[in-house]
Every structure is written in structure tokens, then in C-alpha cells.
Amino acid sequence: MSKLVDNFGRQIAYIRLAVTDRCNLRCQYCMPAHGIDIVPKQELLTFKEMYRLIRVLTELGVTKVRLTGGEPFVRKDFVGFLEMLSYNDLLDAINITTNGALISKHITEIERLGKVKNINLSIDSLQAVKFNEITRRNAFDEVFNTMGLLEKSSLNLKLNVVVQSGINTDEIKDFVRFTKDRNLAVRFIEEMPFNGKGQREMQENWTFNKILNEIKTEFEVTEIQSEKSSTSRNYAIENHRGTFGIIPAFTRTICNDCNRIRITSTGTFKNCLFDDGVFNLRDFIRNGASNDDLKKLFLSLVKAKPANGFVAEANRTNGDVSESMSTIGG
Ligand code: SAM
Ligand code: SF4
């Protein structure tokens with residue numbers, strides 16, 4: 001079987017798929033207060049189209065999928081899609097990134113599917129007022145409650161915290177403290193300009209090193225050996241049940257081992273978060289492409305995967321990075 005290998009010898013094994021561009025929250029670092037211009041429904045990939053694209057990719061060596069958005073649970077019958085995807089015997093794991101505001105009633109059903117392994121829950125503050133300010137909606141109680149339910153479930157729970165200068169940086173150590181008695185991993189993410197407008201004013205630049213140094217002022221940390229392709233560097237603290245990690249999303253020091261590709265909710269293929277879209281898969285399949293055509297296409301598209309996110313950004317033709325993460329699929 002042919003495998004997806006890029007020109008730098010990196011084998012692609014992970015696909016991130018945005019199942020929608022819609023969202024029920026309005027996080028300040030992700031989109032403007034009025035939201036983004038969502039596309040007409042017929043421009044979104046259907047679940048059948050998504051299933052087919054993923055099936056073809058798994059036949060080329062992809063073993064994991066992360067479903068994201070927008071908010072995946074906003075899409076009607078998303079849980080039905082999870083079930084459909086679970087039948088793909090070539091997939092080892094289905095992971096989901098969610099804001100958690102709509103998921104509590106689905107947790108038992110998702111556990112039952114077996115193939116959904118990891119849930120990344122976005123929660124940028126442990127303080128209700130601040131959380132609601134960041135997300136511009138009043139969802140804190142529901143999200144916090146869902147976090148408790150997920151922690152007790154059989155699903156592996158990670159918390160995504162976007163580090164926002166002057167907004168939640170005073171809570172970095174609170175989040176680490178939070179892992180003391182909880183079976184979860186907190187992952188701090190460097191903020192990127194994917195917010196619908198472009199680079200935000202920042203008092204300070206909270207890079208990977210700055211975040212780690214802040215944590216080291218209170219805790220003695222030990223690095224944990226992570227999978228080579230991991231997006232985060234991960235750490236343990238003695239007597240803490242949980243762990244923490246830092247994702248250098250903006251300083252991009254992890255690109256060498258990248259094994260990921262992306263498909264947006266409208267079917268745009270991306271080799272890198274920072275590129276501006278390489279190919280429209282939706283139109284290709286709607287114009288009658290066969291699975292063999294798709295395979296040939298994927299094998300050639302990954303050959304153009306840029307060395308790293310800086311090269312991808314430099315090669316953009318649609319201007320500076322400013323699109324909302326909700327349209328790309330974070
Ligand atoms: N709605 C879901 C959620 O919030 O988890 C899934 C989509 S969201 C775009 C995926 C991840 O991207 C979230 O963890 C979110 O915090 C992160 N994200 C969004 N905008 C970002 C930005 N400008 N910089 C860094 N991370 C961002
Ligand atoms: Fe929605 Fe997630 Fe973006 Fe927040 S980060 S606005 S929850 S897509």
C-alpha cells in the first residue's frame with residue numbers, strides 16, 4: 001500500500017477535520033464579537049463526503065482523526081457521524097476538540113463507541129466571570145460541569161488553555177495546581193493571530209519558554225517522554241495526578257516531526273495550519289473523482305508539505321494570517 005510521505009520523509013498519520021465552521025461561543029482570540037461570515041450549508045462537506053475522504057486517507061496510512069470546527073457538536077447529528085466513522089476498521093482513534101457546552105448529554109453514548117479516545121476541552125479560565133468574558137457567552141457552569149463528567153468517564157481528557165497576555169496569564173499556575181488531584185492533562189497553547197482580524201495587541205509575548213518559566217517559579221517539573229509527533233512538550237510534577245504540556249503553536253518549534261494534514265469544513269486541503277489552503281477536495285469529489293483519483297491526489301499534495309509553519313506562512317498568497325480558527329479547524 002502506498003503511504004503518504006512528504007519530501008522531508010515525514011509520514012502523515014493524522015488528519016484534522018473541521019466538521020463545521022459554526023460555533024455557539026465567540027472566543028475573543030478566535031473570532032470577532034459578531035462572529036464570522038459562515039458559508040451556506042451546501043458548501044460544507046456532508047458527513048458522507050467526510051467519511052469517504054477519511055476512508056481513503058486511512059487506506060494511505062492515516063490512523064488517527066481529530067474532529068474539530070467551529071464547534072463539532074453544533075452540527076446536527078454529529079454523534080451519528082461519530083458512529084459512522086467508528087466503523088472504519090483502519091482508524092485507531094477518533095479524537096475530538098470541543099468547547100464542551102453541548103456535550104454533557106452525549107458522553108455515555110460516545111464512551112460506548114469505543115473508538116473515541118481523547119477529548120480536548122477548551123477552557124481558558126477557571127473563573128466564571130472571566131470565562132464568560134473570553135467566550136462572550138454564559139457557558140461557564142455547563143462547561144465546568146462537563147469537565148467533571150468527562151474526568152469521570154473512560155475518555156482521556158485534556159484541557160486546552162490559550163494563553164492570552166494580561167487576560168488569563170495570572171491563572172497559569174492555578175491551572176497547574178488544578179492537576180494535583182485530577183486525572184487530566186492541561187495544555188497551554190501559545191496564542192496565534194487566527195481570530196478573524198489578525199495580530200492582537202499584546203502587553204507581553206507569552207511564548208513557550210515564558211509559560212514554562214512562569215510554572216517553574218512554583219513547581220519542580222520533569223519532562224515526560226512524548227510521542228515524536230506530539231504537538232506539545234509535556235511535564236509531570238511530583239505528587240500530581242495529572243500532567244501539563246505546552247504547545248508552541250506560534251513559535252513553531254515542533255514542525256520537524258509534524259505528521260498532520262487538515263481538511264476544513266468546506267473541503268479545503270491544508271498541509272499546514274499556516275498555509276492558505278492547497279486544494280478544494282469538495283469540488284473534486286462533487287465533480288466525480290474516484291477513490292483512486294483521490295489517492296493519487298493526496299499522494300501528490302503531501303509532497304508539497306512545507307518544511308515548517310514559517311515557510312508555509314511565507315508562501316501564502318492570500319495575505320497575512322488573520323482567518324478565524326473556526327473556519328480552519330483548530
Ligand atoms: N470549538 C472547539 C473548541 O473551542 O475546542 C473546537 C474548535 S477550536 C478552533 C480548536 C482549538 O483552537 C481550541 O482549543 C481553541 O482554544 C484553539 N484556538 C482558537 N483560536 C486560537 C488562536 N487564535 N490561537 C491559539 N489557539 C486557538
Ligand atoms: Fe468557538 Fe472554539 Fe472558536 Fe471558541 S475557540 S469561538 S469555542 S470555535
Side-chain angles (χ1 to χ4, degrees), residues 16-38 65-75 78 94-103 118-125 130-140 142-143 146-147 150 155 157-165 167-169 171 175 184-202 205-208 211 231-232 245-252 254 260 262-265 270 273-274 309 313 320-330:
R16 287 189 185 217
L17 173 68
V19 299
T20 180
D21 59 347
R22 277 89 165 143
C23 189
N24 51 329
L25 304 186
R26 293 285 179 273
C27 302
Q28 307 228 12
Y29 52 79
C30 181
M31 58 173 75
H34 55 80
I36 55 162
D37 295 332
I38 54 170
V65 59
R66 172 164 300 281
L67 300 174
T68 176
E71 173 49 39
F73 286 87
V74 162
R75 182 114 186 213
F78 175 62
I94 300 171
N95 302 327
I96 305 171
T97 304
T98 173
N99 62 37
L102 305 167
I103 145 172
N118 298 294
I119 304 278
N120 287 14
L121 179 73
S122 300
I123 179 161
D124 303 304
S125 174
K130 200 195 286 182
F131 177 94
N132 291 341
E133 265 169 30
I134 294 171
T135 58
R136 302 189 182 103
R137 295 287 184 273
N138 290 327
F140 180 79
E142 177 61 25
V143 173
T146 295
M147 178 170 61
L150 285 169
L155 302 161
L157 176 62
K158 293 180 183 166
L159 305 184
N160 280 3
V161 181
V162 177
V163 177
Q164 300 152 68
S165 172
I167 297 174
N168 62 355
T169 41
E171 286 189 70
F175 270 106
L184 49 79
V186 171
R187 287 145 25 108
F188 299 103
I189 307 175
E190 290 175 349
E191 182 175 343
M192 298 175 283
F194 292 106
N195 54 33
K197 279 190 177 157
Q199 190 71 51
R200 293 206 288 171
E201 282 277 311
M202 287 191 194
N205 201 3
W206 281 84
T207 57
F208 178 99
I211 298 167
T231 51
S232 57
I246 308 176
I247 303 183
F250 196 53
T251 52
R252 290 164 257 184
I254 44 161
R260 292 170 292 279
R262 293 166 186 268
I263 298 177
T264 71
S265 57
K270 283 169 71 78
L273 177 60
F274 288 86
E313 191 175 2
D320 290 346
V321 165
S322 67
E323 58 272 41
S324 164
M325 201 70 157
S326 182
T327 58
I328 310 171

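Both counts, for ligands and for their atoms, begin at 1 and track the order of listing. Because the structure is a prediction, the values reported are computed rather than measured.
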Which ligand 1 atoms, with their elements, are less than 4.0 angstrom from a heavy-atom of F194?
23 (N)

What protein heavy atom sits nearest atom 27 (C) of ligand 1, and how far off is it?
V162 CG2, 3.9 Å

Here the atoms of ligand 1 under 4.0 Å from any heavy atom belonging to E190 are 25 (C)

Treating N205 as the side-chain partner and T207 as the backbone partner, does any N or O pair qualify as donor plus acceptor under 3.5 Å?
no

Which residue and non-hydrogen atom of the protein lie closest to atom 11 (C) of ligand 1, and at what distance in Å?
T97 CG2, 4.1 Å

Would you say D320 has more than 12 foreign heavy atoms packed within less than 6.0 Å of its CG?
no

Residues forming a side-chain contact (heavy atoms from CB on, under 4.5 Å) with S326, sequence neighbours excluded:
C23, C30, M31, I36, S324

Do L159 and L157 come close enough that some side-chain heavy atom pair is under 4.5 Å?
yes

So if I count the atoms of ligand 1 from 1 in the order they appear, which ones are less than 4.0 Å from some heavy atom of T68?
6 (C), 7 (C), 10 (C)

Which protein non-hydrogen atom lies closest to atom 2 (C) of ligand 1, naming both residue and atom, and how far is it?
E71 OE1, 3.4 Å

Return yes when G69 approaches ligand 1 closer than 4.0 angstrom through a heavy atom, no otherwise.
yes

Gap between atom CD of Q164 and atom CG of D124 - 0.5 Å precision
5.0 Å

Which atoms from ligand 1 have a heavy atom of G70 less than 4.0 Å away?
1 (N), 2 (C), 6 (C), 7 (C)

Non-hydrogen side-chain atoms of R66 and R260 separated by less than 4.5 Å:
no

Atom 21 (C) of ligand 1: which protein heavy atom is closest, and how many Å away?
Y29 CD1, 3.5 Å

To the nearest 0.5 Å, atom CZ of R137 lies from atom CD of E142 at 15.5 Å

Contact check, side chains of F274 and F194, non-hydrogen atoms, under 4.5 Å:
yes

Tell me the nearest of K158, M325, R22 to atom 19 (C) of ligand 1, using heavy-atom distances.
M325

Should the pair R75 and F73 be classed as cation-pi, given the thresholds of under 6.0 Å to the six-membered ring centre and 45° from the axis?
no

Atom of S265, atom of V19 and distance for their closest heavy-atom approach:
CB-C, 4.2 Å

Should Q28 and R136 count as side-chain neighbours, where that means a heavy-atom distance under 4.5 Å?
yes

Please determine whether side chain to side chain contact (heavy atoms under 4.5 Å, CB included) holds for the pair I96 and F78, giving the CA-CA distance in whole Å, both sets of side-chain angles, and the decisive distance to 0.1 Å.
CA-CA 11 Å; I96 305 171; F78 175 62; 4.2 Å; yes

Looking at ligand 1, would N99 count as a contact under a 4.0 Å heavy-atom criterion?
yes

Nitrogen or oxygen atoms of N160 and ligand 1 under 3.5 Å apart
yes

Around atom 1 (Fe) of ligand 2, list the protein N/O/S atoms within a radius below 2.8 Å, excluding water molecules.
C23 SG

Shortest protein contact, atom 24 (N) of ligand 1 (heavy atom only)
M192 N, 2.9 Å

If you scan protein heavy atoms around atom 4 (O) of ligand 1, the nearest is S122 OG, 3.3 Å

Would you check the N or O atoms of T98, main chain and side chain alike, for any that come under 3.5 Å of an N or O of ligand 1?
yes

Can a side-chain donor-acceptor contact be found between N24 and N99 if the only test is distance below 3.5 angstrom?
yes

